[in-house]
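Please read the structure below before turning to the comments.
Numbering starts at 1 and runs along the sequence shown. Keep in mind that what you see is a predicted model, and the values were worked out from it rather than measured. Just follow the structure's listing: the first ligand is 1, and inside any ligand the first atom is 1.
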Amino acid sequence: MIPLRVEIEQVLQSAFGRLGYDAAYARTVRSNRPDLCQFQCNGALAMAKKVGKAPREIAGDIVALLVDDTRFSRVEIAGPGFINMTLSDTYLASYGSQSAHEEPTWDSTGKTVVVDFAGPNVAKPMHVGHLRSAIIGDSLQRLFRTVGYNVISDNHLGDWGTQMGMLITELQRRMPELPYFDSLQTEGFPETPPLTIHELETMYPEASKACKEDPERMKEAVEATDELQRGRPGYLALWKHFVALSTETLHRDFSRLGVHFDHWLGESFYMDRMGRVVEELTRDGFVYESQGAQVMDVSRPDDSKEIPPVMLEKSGGGFLYATSDIATIEYRMKEFSPARICYVVDKRQALHFEQVFRAVRMAEIVSHTVSLEHVGFGTVNGKDGKPFKTREGGVMKLAELMDLVINRAAERMEESGIGRDASEEEKNEIARMVGIAALKFADLSNHRLSDYVFDIDKFSRFEGKTGPYILYSAVRIKSILRKVQAAGFSSGEILPFRHDSERDLLLELGRLGDVYEKAAEDCAPNYLCDYVYDLSQVFNRFYRDCHIMKEADTALRGSWISLCQWTLKTVEDVLSILGIVVPEKM
Ligand code: ARG
C-alpha cells in the first residue's frame, strides 16, 4: 500500500516531467485547508526563478495537463501559484479497494539502526526516566522494523560505575568475614550470592547516602571501583552476583511491560576495549593530561557555547561514562555497520552525547555518513511539578508503578461498567492490558522532549486522548465485526460514498505509510499517537453515519465493512508499534 499522497505526487511528477520541468518540484503535501482541497503542490513557486517563468504560468501548465484526468474532481491554481487538488470519489474508492488489504511498502530496507535504550543501572532502583526510555525506545525499535530497517536493540546497562564500589565497600562493613574482601584470595569464591535482591536494593540507598555524606567513604568506594575495573578477583566475583541478581529482576519487569531487547551489553562488556580505545586515541595525538586525568579536546573554533574536554581516564586510573560510550560506538561500528545509532536517553545528558559524538567523529571511529542521534526526552513530573516520586518521596519501582496503573484501570472499568460480563480472570487480564496501554500511551503521546505530569487519574480515563479510549474504540470495531460475521454479512469493494465521513475515513487511512515514515525520521512516536487518535475520531463519525447492520444495499454495506476492517487493522498495527495490545472484548 502506497500512501495516497505519494500516489498523487507520482501523478504530478510525471506531469512535471512531460512539460520538461524538474520532477523534484512535484512535492505534494496533504492540504492544511481541507475545506479548499485535499492535496497541494507548491513546486511552481519554488522553481519559478530557475526557469524564468511566473509561478502562476507554471502552475497553469500543470493544471492544464491534469484537468481532464479522471482521478481528480478539481485541480486549480490558487493564490500566487499553488496547485490545489481534490480527488474524485471514484478514484478514492478504487484506491481504497486496492490498498485495504495491502501492507505499506518501503524503500529504506536493508539499513541497520542500533537503538540504545532503557539502560538502567545495576543495583540502583530503576526510575521513571528509565521507564520513559524503555517505552519510547521499544516503540522506536518496532517502528524502525516496520519501515524496513534491520534493527539492533541494546539495553546498555550501567554495570561498571561507582555504585559497584559503593556496594562492595558497604558489604565489607556489614560482613567483613566474607572471602571476597581478601586481596590475596584469587579463586574459590562461593557460587551463591551472599545476599538477596531485596537486601541488595535496600543496601544501595544506604551506601549511596553514606558516601554522599562522608568524603572518606566516597573515596573508599571510588578506590574499590577502580580495583574492580582493574580486575581484582574477589570484587569481580561479588560484582557478578550483583549483576546477576539485578538483571533477573530487570528481565522480569521488562517482560511484564512487554519490552524486548536484542542485547543486554552493559558498560562492563566493553571493559577491555576502553583501555585500548584510550591507547589508540593517545597514539593518534588526541589525548592530553589535565590535572592528572587523561582528556580529549572536542571543541571547535566556531562553537557558540563552550564544550568542555571529554574525560577518558581519571587521575588514579579508572574509566568514565564517556570512555565506555566511545568504546561502545567502536564496537557497534565494527560489529553492526549501522547507518544510524539512536540513544534514547534523558535530554539532560545532551552535553555528554555531544562530546562523545564529536570525539568519535574526530578520531574517525565513525564516518560522516553514519547518523548519531541523541533521542532526548523530558522529565516525568509529579502533580507538584517536581520529578515524580512515591508518596514517601522515594523512587518508585517499575513493578509498583505497573501495579498502580493496573489497579487504577480495574477501578475505572468497574466505575464505567466495562468488562461487566467478563469472568474474574478475563477482567484481570483486560485491566492489565488497559493499565499498560494507559501508561504507554500517556508517555508516548507527549512529544518526547516535553516534560509531562504523571497523572494516573487522567491517563486511565476512557474519554479523551488516552490509551483506554483508543483501546475501547478498537474493541468496539472488533465487536461490530463480530456482529457482522454472525449475521453472515461480507465485505466488498469500496464504493463511492454516501456520506462525507466515509471519504474522510478513507483519506485518513490512506495516510498510514507517510505517518510511519515521518515518525521514524524524527524518532517521534507521538505522531503515531496523534494519528491513531484522529483515526478513532473519524471512525466514530463514520460509524454514526453508516448503519452497517441496518443497511439494505448489500454492495454499500460490503464497502462499509471493508472500511471497518481496514480501520481495525490500521489501529491494531499502529498500537502494536506503540507496544499496546488490543483485547478481544472489553
Ligand atoms: N545508565 C545510564 C543512566 O542511567 C543510561 C545509559 C544510556 N546509554 C548510553 N549508551 N549512555 O543514565
Check whether any side-chain N or O of W239 sits under 3.5 Å from a backbone N or O of I168 as a donor-acceptor pair, and report yes or no. no

Treating R340 as the side-chain partner and V114 as the backbone partner, does any N or O pair qualify as donor plus acceptor under 3.5 Å? no

For the backbone of V298 and the side chain of R358, can you confirm whether one donor and one acceptor N or O come within less than 3.5 Å of each other? yes

If you count heavy atoms of other groups shown closer than 6.0 angstrom to CD of Q185, is the number above 12? yes

Atom 8 (N) of ligand 1 has as its nearest protein heavy atom D116 OD1, 3.1 Å

In terms of relative ring orientation, are F459 and Y452 parallel, tilted or perpendicular, with 30° and 60° separating the classes? tilted

Could you tell me, atom by atom, which parts of ligand 1 come under 4.0 Å of a heavy atom of F353? 11 (N)

Around atom 12 (O) of ligand 1, find the nearest protein heavy atom and jot down its residue, atom name and distance. Q349 NE2, 2.8 Å

Which of the numbered atoms in ligand 1 are below 4.0 angstrom from a heavy atom of Y343? 10 (N)

Give me the ring orientation class for F181 and Y235: parallel if the planes are under 30° apart, tilted from 30 to 60°, perpendicular past 60°. perpendicular

Counting distance only, does the side-chain N/O of W106 pair as donor-acceptor with the main-chain N or O of G513 below 3.5 Å? no

Given that the side chain starts at C-beta and the backbone is N, CA, C, O, which of these parts of T328 lies under 4.0 Å from ligand 1, counting heavy atoms, or is it both or neither? neither

What protein heavy atom sits nearest atom 2 (C) of ligand 1, and how far off is it? G119 O, 3.5 Å

Which ligand 1 atoms are under 4.0 Å away from a heavy-atom of V345? 7 (C), 8 (N)

Please say which of P190, P194, P179, P193 ends up in a side-chain contact (heavy atoms from CB on, under 4.5 Å) with L238. P194

Quick one: nearest non-hydrogen protein atom to atom 6 (C) of ligand 1, plus distance? Y321 OH, 3.5 Å

Which option out of H374, R332, H156, M126 puts a heavy atom nearest to atom 9 (C) of ligand 1? H156

Between D457 and R461, is there a side-chain N and carboxylate O pair less than 4.0 Å apart? no

Measuring from non-hydrogen atoms of H130 to any atom of ligand 1, is the shortest distance under 4.0 Å? yes

Mind checking whether L157 contacts ligand 1 via backbone (N, CA, C, O), side chain (CB onward), both or neither, at a 4.0 Å heavy-atom cut-off? neither

Report, in ascending order of atom number, the atoms of ligand 1 lying under 4.0 Å from any heavy atom of D325. 9 (C), 10 (N), 11 (N)

Does only the side chain of W160 get under 4.0 Å from ligand 1, or the backbone, or both, or neither? Count heavy atoms. neither

